[in-house]
Amino acid sequence: MAKIIEKHLQLEFPLGHHLHCMIAQLPNRLKRRDHLFCLEDAGEKWRQVKSVLDLVAGGEGNLKRLHFLMFPECAVPVSRFDEMIDFIGKEFRPNTVTMFGLEQTTLREYRTMLIRFHADNAEAIDLVEADIDSGDILGMPVNWCCIAVKDAKGKLKVFLEAKTHPFRGEEFLDKDHDLYRGRHFYLFRGEPACFNFMTLICLDYLYRDLYSSNIRQIIDHADRMFFTMRQSLDAIFVIQCNPKPEHRSYRDVLTGFYGEYLEDTPGVRDTITVFGNSSNESEIDGIQCDSCYGFSYAVISGRHKMMPYQENEFSSDDFHGTPVCRLRFGPGTRLYYFNLPLHHELDPRSSRVPLKVHSVLKWEPEQGWIKSVDGMEGNA
């Protein structure tokens, strides 16, 4: 099983006030080259990613209050990694967390990146070195992500994770083409606001074997935090490039995560789980699935008050009868900006809704990001 590594961060989030998250639901067009899946349109993809970075750095409207920015799995070209990190470090505001997936690389290059940022990834390097000592695996492909944190003092910290479970394009008879299985997850403990969160890549959220599971391990760790320090896991961010974002496996795991009746799980009782997917313009090896990708969503416990609701760009439901409240977005190429709720359970005296959408932006190639409200468009 993957090891959970705790990292303490100086993040001065506002006390007693909700935080803000943006999902960049962008398209991924992946093409197999040799034994790696690479972005087919890396130049255009970077232009789109950079436009989101510029928008956040500009901070128009209440974007100055953005705390978490999510890009999909495999969204950023490896060749632009340095440019991405430099921009975040120089232009983003303090107390900002940026999570992004990078196109595949080899274990050799992933190891080099871990060593480059060894101050933030020392424990992860040891786990990778133990794997490398066990066999000739440096050429194996790695699906990986970066969590770039600009802390309260403006210092940039760079954390790297490798995916622990393959996606549908990575399962082959040839062992050399297998995906490297990551050995660690980071659990970030933000202080002084005591906001604790994790970032996972897609199926890492639910990977199971006959004896244990990632999600069970996360729940147990969060419960230990609660019983020893009265702190809980506040958020899980799951970045995806997933043609089946609403697969029954996710529904089953969410049911157990939020509706466990056989034991008390206070460490995750108020966790918000955010799934950020690629858009419906995505394709892998030329295979499109118009009705599959997209539909990013945020999930909170069913104890919160959130009635069924329907808009053009988003809706709310209980994910087909699960004990949750879900804010579900559409399939298109969009930026979804919304709040992460506070720890409020159902209050019969109030009609307050815990999840609110601040804005939805639509991508137009000639205009960039423009605001979309009930089908009407205007300047963002």
Side-chain angles (χ1 to χ4, degrees), residues 1-9 33-38 73-74 76-82 84-85 89 97-149 151 155-167 170-172 174-189 197-205 207-209 211-218 220-221 224 236-239:
M1 295 302 298
K3 180 180 180 181
I4 296 177
I5 301 172
E6 290 194 4
K7 291 289 184 178
H8 291 259
L9 303 172
R33 295 182 188 141
D34 297 325
H35 63 292
L36 297 176
F37 278 87
C38 303
E73 177 183 5
C74 300
V76 177
V78 172
S79 62
R80 300 288 188 167
F81 178 80
D82 287 349
M84 182 97 173
I85 290 297
V97 179
T98 307
M99 301 157 277
F100 57 95
L102 292 113
E103 64 180 337
Q104 286 186 357
T105 189
T106 63
L107 182 57
R108 180 180 288 104
E109 294 302 318
Y110 175 66
R111 175 203 199 183
T112 299
M113 285 294 191
L114 285 171
I115 294 172
R116 176 180 165 188
F117 299 102
H118 66 276
D120 298 321
N121 297 275
E123 301 92 338
I125 294 172
D126 292 340
L127 295 171
V128 170
E129 293 292 353
D131 282 340
I132 293 172
D133 287 342
S134 69
D136 183 17
I137 60 173
L138 286 173
M140 290 183 73
V142 179
N143 231 19
W144 57 307
C145 72
C146 174
I147 304 99
V149 181
D151 68 14
K155 182 179 180 181
L156 186 68
K157 294 180 176 293
V158 178
F159 302 94
L160 305 176
E161 287 183 359
K163 189 174 182 179
T164 70
H165 192 72
F167 80 116
E170 298 164 347
E171 295 175 337
F172 297 94
D174 183 354
K175 182 64 177 174
D176 288 339
H177 290 72
D178 278 356
L179 184 75
Y180 171 72
R181 300 293 181 92
R183 301 300 183 191
H184 73 280
F185 302 131
Y186 286 119
L187 192 155
F188 300 103
R189 303 188 63 177
F197 64 96
M198 299 181 72
T199 301
L200 309 177
I201 309 179
C202 197
L203 288 172
D204 293 356
Y205 178 75
Y207 177 57
R208 295 172 292 205
D209 60 24
Y211 307 103
S212 190
S213 69
N214 286 345
I215 201 65
R216 179 73 255 174
Q217 189 182 16
I218 290 170
D220 289 345
H221 194 100
R224 282 195 296 274
I236 300 179
F237 299 95
V238 185
I239 61 175

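Sequence positions, counted from 1, serve as the residue numbers for this chain.
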Decide, yes or no, whether a salt bridge links Asp220 with Arg224 under the criterion of side-chain N to carboxylate O below 4.0 Å. no
Mind checking side chain to side chain donor-acceptor pair (under 3.5 Å) for Glu6 and listing every partner two or more places apart, or none if nothing turns up? Arg189, His221
Looking at every non-hydrogen atom in both residues, tell me the closest pair between Glu73 and Cys202 and how far apart they are. OE1-CB, 3.6 Å
Using the side chain to side chain donor-acceptor pair (under 3.5 Å) rule, pick out the option among Lys3, Arg183, Lys7 that qualifies with Glu123. Lys7
Does the side chain of Leu114 reach to within under 4.5 Å of the side chain of His118, using non-hydrogen atoms? no
Between CG on residue Leu127 and CD1 on residue Ile5, distance to nearest 0.5 Å: 5.5 Å
Less than 4.5 Å apart, any side-chain heavy atom of Leu138 and any of Ile132? yes
Using 0.5 Å steps for rounding, measure from the CZ atom of Arg111 to the CD1 atom of Ile115. 5.5 Å
Short side-chain donor-acceptor distance under 3.5 Å, Tyr180 and Asp131: yes
Derivation of the side-chain contact (heavy atoms from CB on, under 4.5 Å) call for Val158 and Leu160: CA-CA 7 Å; Val158 178; Leu160 305 176; 4.2 Å; yes
Residues Ile147, Thr98; criterion side-chain contact (heavy atoms from CB on, under 4.5 Å); working and verdict: CA-CA 6 Å; Ile147 304 99; Thr98 307; over 6 Å; no
Cys74 SG to Ile239 CD1 distance, which is reported to the nearest 0.5 Å: 8.5 Å
Sub-3.5 Å donor-acceptor pair from the side chain of Gln104 to the main-chain atoms of Phe37, do we have one? yes
Kindly give the heavy-atom pair with the smallest separation between Cys38 and Arg33, and that separation in Å. CB-NH1, 3.6 Å
Nearest heavy-atom approach of Tyr110 to Thr105 is N-CG2, 4.1 Å
Inter-residue atom distance Met113.CE - Arg108.CZ, 0.5 Å rounding: 14.5 Å
Applying the side chain to side chain contact (heavy atoms under 4.5 Å, CB included) test to Tyr186, which of Asn121, Leu200, Thr199, Asp120 qualifies? Asn121
Would His184 and Ile4 satisfy side-chain contact (heavy atoms from CB on, under 4.5 Å), going step by step from the backbone distance to the final call? CA-CA 6 Å; His184 73 280; Ile4 296 177; over 6 Å; no
Where Leu36 and Pro141 come nearest, the two heavy atoms and their spacing: CD2-CB, 3.4 Å
Return the NE2 to CG distance between His35 and Leu179, rounded to the nearest 0.5 Å. 10.5 Å
Within the side chain of Gln217, is there an N or O that forms a donor-acceptor pair under 3.5 Å with the backbone of Ala2? yes
Check whether any side-chain heavy atom of Val76 lies under 4.5 Å from a side-chain heavy atom of Phe81, and answer yes or no. no
Provide the closest heavy-atom pair for Pro77 versus Leu102 in the form atom of the first, atom of the second, distance. O-CD2, 4.3 Å
Under a 3.5 Å distance rule, please check whether Asp204 uses its side chain to pair with a backbone N or O of Lys163 as donor and acceptor. no
For ring-ring contact (aromatic ring centres under 6.0 Å, His included), just list the numbers for Phe188 and Phe159, CA-CA rounded to whole Å, side-chain angles, deciding distance to a tenth of an Å, and then say yes or no. CA-CA 10 Å; Phe188 300 103; Phe159 302 94; 4.9 Å; yes
Using side-chain heavy atoms (C-beta onward) and a distance below 4.5 Å, is Ile218 in contact with Tyr205? no
Give a yes or no on whether the backbone of Leu107 and the side-chain of Trp144 come within a donor-acceptor separation of less than 3.5 Å. no
Does Phe197 form a side-chain contact (heavy atoms from CB on, under 4.5 Å) with Leu187? I'd like the steps, not just the answer. CA-CA 6 Å; Phe197 64 96; Leu187 192 155; over 6 Å; no
Which distance, rounded to the nearest 0.5 Å, do you find between the SG of Cys146 and the CE of Met84? 8.0 Å
Between Thr164 and Gly182, which heavy-atom pair has the shortest distance, and what is it? CG2-O, 3.3 Å
